[in-house]
Amino acid sequence: MASASVLLRSIGSRARIVIAGAAALAILAAAAAKAQTAKHPLDDLTAREYWTAYEVVQASGKVDGNTRYPLMQLKEPPKEEVLAWKPGQPMRREAFVVVKKGPQTFEAVVDVNGKKLVSWTEIKGMQPPSPEEESDEFKDAIKDSDKVKAALKKRGITDFNAVFCGGAPEGYYGLAEEEGRRLLRVVCVQQTGPLEDGGVIEGLTILWDVNEKKVVRVIDTGVVPVPKVEANYDLASVGAIRDVPTPLTVQQPLGPSYRLDGQSVSWQKWNFHFRIDRRVGLVVNTVSYQDGGKLRSILYEGSLSEIFVPYMEPSEGWFARVFFDAGLGGDGFASPLVVGEDCPDNAVYFDQMYANWKGLVQTKQRAACLFEQPASSMAWRHDDTGVVESRKARELVLRTIGIFGNYDYIFDWVFQQNGSIRVRVGASGFDQTMAVNSRSAADDPKGEASRYGRFIAENSVGIDHDHFFSFRLDFDIDGSANSFVRDKFQVKRLPAENPRKSLWVAEPETAKTEEQAKARMSMEHPEGWRVINPNVKGPLGYPVGYELMPGDNAMSLLLPDDYPQMRAGFTDYHVWVTPYRANERYAAGDYPFLSKGGEGLPAWTKANRPIENTDIVLWYTVGFHHVPHAEDWPVMPTVWHEFELKPVNFFAQNPALDLPK
């Protein structure tokens, strides 16, 4: 059965290592012995540190038995401390805690080494994230409402035990009922048979005030029968199963080629650190490359920043289905990975420690995996008059999967032997569907039932929607003093005496301010985007740098004065560049729950700060429009979207030239 929390998208460490396969058992033994001790300033909090943070807040006298903890995570040490730190040296360890006490929201910082409260600040006018656990506290109370009971009986539903309700944040739309309230928009599911049967009770939406613990309004747009189509996708429901293909495996009898030291990884000249963040998933840090005898820095930190998913159905029960998946819930990462299915047989798995809604330490098993795989193409090849030289390539993949309601998002950081990094997002799961009276498009000749989507099953319309993923990329190309360059491709008409009429040239333009750096992809006016270090020149005299190479992309089509678009102002441009600020981490702002718009990147860049030859952060948004179709049912094939960070004049020559035959 599809739960309401799935259909209305609930959002949403020290990693302990779990090994699949005997080849890496030695790694497990070494890491497990030190699993309760942070080895790097950017390691996530250990179980002991989470508990210390909880105890310090509990002992402060500022909370009570009903206090909740929407988010608890590592507070990163200052960047300069991390860069100066050496293994074995003492390091700052602090926890950042978002606290919900009744209607009030607070931010706390806890020194977990010193076991003391560093700061306690009330955040007025903002609502903290709403993890799925918040719905668990009221899902039965909603059914006690006389108005809800009446709406269910109107639909012939009298067995309330077979009804399950769950909610997601309402968002802000300038409505009087929103002011000063923490509203969740709740839908319910009716179970009608076996576990997999049932569906959303269409036309019924409940506004629930979390703080006052009451129903504010019941929205009833009319009775629509619950679709009887089963959304099963297990083997028993498929029917005839295709023949099992011949075995195809990746074996490493001598063990993996990478080395692990806690959460630090070394592989094929790459060195980096990672952790699994409760809000944004994988965070890669201190990414560097061994070039000759020098370890050269490339990226101080890279991670997802926000996800924006607006649905395109305007009815009263649907218009507010607009989701900021990372910022609204804070608990989507990470889904337990299935050994041998989500990751190949040679993968190493990492558990995630986190604190739940009540501040208590929990474990998500197999929250991320790391593995080597053959690259889909050769590293390089050339046929020189019959003498062929070719080199195989392999890649190192760091993967996690986030569950955001009905969607499963696969996030990969792929390190390549040629010095490039590919970042991929795979979208799977299933479409949000609206139950309709028409059985199919054949019964809907005027397209009224499917005006804002497409039939994907009987009596079920998948609603059109968008997906936008904002990534935060804190470059440190051979140091922190970097600049952003836009290579503008300009057409030049040649003199009349030239047999050619035209050509193009790449004209570099260094952005001096945030406003000059804002950029959109365009086929008519193409550009290349680079981050360079103007103070370090390569052997040929060019400044060293890395280029952002986009893949397929899209722009938001919502009007600028639409509330969802104002809240997701980061989608106005594909690229933003800001000067590094430790507290600027989330593209839509820290608290998008009831944001009125303009938070995050639009707010920060109003100052139009200088960004030339300084520590800068590049923000890149990947997006696509999704018009559902029959092949999405009952579970969607994974669709990938990606971009690449590619060296440009960073190396003296092809860095994969030294690959052995």
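Since the structure is predicted, the reported quantities are computational estimates derived from the model, not experimental observations.
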Hey, would you say the Phe350 and Phe274 ring centroids sit under 6.0 Å apart?
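Yes, ring centres under 6.0 Å apart.
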Are Met555 and Arg520 close enough that some pair of their side-chain heavy atoms sits under 4.5 Å apart?
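Counting from C-beta outward, Met555 and Arg520 do come under 4.5 Å.
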Tyr580 versus Glu301: any side-chain heavy-atom pair under 4.5 Å?
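Counting from C-beta outward, Tyr580 and Glu301 never come under 4.5 Å.
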Closest approach of Ala367 and Thr400, non-hydrogen atoms and distance?
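Heavy atoms of Ala367 and Thr400 come nearest at O-OG1, 2.7 Å.
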Could you check whether [X] pairs with [Y] (Lys NZ or Arg NE/NH1/NH2 to Asp/Glu carboxylate O, under 4.0 Å)?
{"X": "Lys79", "Y": "Asp476", "result": "yes"}
{"X": "Glu644", "Y": "Arg424", "result": "no"}
{"X": "Arg321", "Y": "Glu313", "result": "no"}
{"X": "Lys86", "Y": "Glu81", "result": "no"}
{"X": "Glu642", "Y": "Arg422", "result": "yes"}
{"X": "Glu76", "Y": "Arg585", "result": "yes"}
{"X": "Arg182", "Y": "Glu134", "result": "yes"}
{"X": "Arg275", "Y": "Asp43", "result": "no"}
{"X": "Glu507", "Y": "Lys488", "result": "no"}

Cationic tip of Arg185 within the cone over Phe319's six-membered ring, i.e. under 6.0 Å and within 45° of the normal?
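Geometry flag: set, cation within 6.0 Å and 45°.
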Honestly, is Lys364 close enough over Tyr354, meaning NZ or CZ under 6.0 Å from the six-membered ring centre and within 45° of the axis?
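Yes, Lys364 sits over the ring of Tyr354.
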Decide yes or no on side chain to side chain donor-acceptor pair (under 3.5 Å) for Thr605 and Glu515, but give the supporting numbers first.
CA-CA 7 Å; Thr605 57; Glu515 189 65 31; 5.9 Å; no
More than 12 heavy atoms from other groups under 6.0 Å of [atom1] on [X]:
{"X": "Lys537", "atom1": "NZ", "value": "yes"}
{"X": "Lys646", "atom1": "NZ", "value": "no"}
{"X": "Asn535", "atom1": "CG", "value": "yes"}

Which of these passes side-chain contact (heavy atoms from CB on, under 4.5 Å) with Phe272: Ile298, Leu398, Leu299, Asn285?
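With Phe272 as partner, side-chain contact (heavy atoms from CB on, under 4.5 Å) holds for just one option, Leu398.
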Just one of Tyr573, Phe643, Phe471, Phe469 clears the ring pair (Phe, Tyr, Trp, His ring centres under 6.0 Å) bar with Tyr620, so which one?
Phe643
I'd like to know if the side chain of Asn533 reaches the main chain of Asp478, judged simply by a donor and an acceptor atom lying under 3.5 Å from each other, with no hydrogens or angles considered.
yes
Go through Thr571 and Gln565 one step at a time and tell me if the side chain to side chain donor-acceptor pair (under 3.5 Å) criterion holds.
CA-CA 8 Å; Thr571 63; Gln565 184 59 36; 2.9 Å; yes
Please report the interatomic distance CZ(Phe650) to CG(Leu645), rounded to the nearest 0.5 Å.
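Answer for the CZ-CG pair, Phe650 versus Leu645, is 12.0 Å.
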Where do Asp408 and Ser428 land on the side chain to side chain donor-acceptor pair (under 3.5 Å) test, with the steps shown first?
CA-CA 5 Å; Asp408 297 50; Ser428 189; 6.0 Å; no
In sequence, state the C-alpha distance, the side-chain angles, and the governing distance for Trp619 and Thr578, and then conclude on side chain to side chain donor-acceptor pair (under 3.5 Å).
CA-CA 8 Å; Trp619 308 73; Thr578 61; 3.0 Å; yes
